[in-house]
Number of protein chains: 2
Amino acid sequence: MDRLSSTFSALADPTRRAILARLALGETSVNDLAAPFDMSLPAVSKHLKVLEGAGLITRGRNAQWRPCKLEAAPLKEAASWIDFYRKFWEASFDRLDAYLERLQSADATPDKPKPTKRKRRKNDRK
Amino acid sequence: MDRLSSTFSALADPTRRAILARLALGETSVNDLAAPFDMSLPAVSKHLKVLEGAGLITRGRNAQWRPCKLEAAPLKEAASWIDFYRKFWEASFDRLDAYLERLQSADATPDKPKPTKRKRRKNDRK
């Protein structure tokens, strides 16, 4: 699997995203990571393997205590990929704004679009 | 599957990401979408179903020509989720910068860390 696909695939699970959120607070052991989840250690380990495979975490070398650590580089790549589409979601919100403005204008006297009847209360009291 | 998981899952495939990239140029028919891929129409349709299920595309209602259209709202949510981790990848690059700076200093005379012997050629020629 290509790197971007394996990043997105690893993120496509709420438990794995929760593990990353926990690791954002600092590195920790598998036992501590497993504690808040109603899950067996092997189940948590399986999720950790997926995250490790995607390069989103690394494990310490100490055999007794192999702390997990967040690695953000793949997230940076994912963010860059998504960011290309920013103009599209920003455009959608611009269109929504324009639509709401049109609705408001339609509500007001046709020749005098502003101020409308639907101004804030503060203005109404003036 | 929760919305964020289904978004990331849909993005975890290079063909689906390529389809979104194509749709960023404008809405288009399934046939036109399928053309650049060495894939059967049913295979492309399957990918489109995944994208549609994740809310990343919508299909027009015209029975003859059901154009596919990019919908960026789920990408905005995914971007927001990832953005929380921005400080981590920025921190990694800061650490890398600091490390490279230390390397460069170690290379120079201890009491006069700059300018070092490893300056750019342009400076060496001065």
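Keep in mind it's a predicted model, so treat the numbers as computed, not measured. Throughout, a chain's letter reflects where its sequence line sits, starting with A, and its residues are numbered from 1.
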Interface moiety of Leu70(B) toward chain A, non-hydrogen atoms closer than 4.5 Å:
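For Leu70(B), the side chain is the part near chain A, not the backbone.
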Which bit of Asp13(B) comes within less than 4.5 Å of chain A, counting heavy atoms only: side chain, backbone, both or neither?
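For Asp13(B), backbone heavy atoms alone lie under 4.5 Å from chain A.
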Shared hydrophobic cluster, [X] / [Y] (ILVMFWY, side-chain heavy atoms < 4.5 Å):
{"X": "Leu23(A)", "Y": "Phe37(A)", "result": "yes"}
{"X": "Ile57(B)", "Y": "Met1(B)", "result": "no"}
{"X": "Phe88(B)", "Y": "Ile19(A)", "result": "yes"}
{"X": "Val50(A)", "Y": "Leu41(A)", "result": "no"}

Write down the atom of [X], the atom of [Y], and the distance for their closest heavy-atom approach.
{"X": "Ala79(A)", "Y": "Trp89(B)", "value": "CB-CH2, 3.6 Å"}
{"X": "Leu11(A)", "Y": "Phe8(B)", "value": "O-CD1, 3.4 Å"}
{"X": "Tyr85(B)", "Y": "Ala72(A)", "value": "O-CB, 4.3 Å"}
{"X": "Ala12(A)", "Y": "Ser5(B)", "value": "CB-O, 3.5 Å"}

Is Ala21(A) in contact with chain B via its backbone, its side chain, both, or neither, using a 4.5 Å heavy-atom distance?
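Contact with chain B: backbone and side chain both.
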Arg17(A) portion near chain B, given a 4.5 angstrom heavy-atom threshold:
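Both parts, heavy atoms under 4.5 Å.
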For chain A, find which of Ser9(B), Ala24(B), Ser6(B) contributes the most heavy-atom pairs closer than 4.5 angstrom.
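Result: the option with the highest number of such pairs is Ala24(B).
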Heavy-atom side-chain proximity of Leu75(A) to Trp81(B) below 4.5 angstrom:
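Result yes, sub-4.5 Å side-chain heavy-atom pair found.
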Under 4.5 Å, counting heavy-atom pairs only, tell me which of Leu4(A), Thr7(A), Asp2(A) racks up the most with chain B.
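Top count of heavy-atom pairs under 4.5 Å with chain B: Leu4(A).
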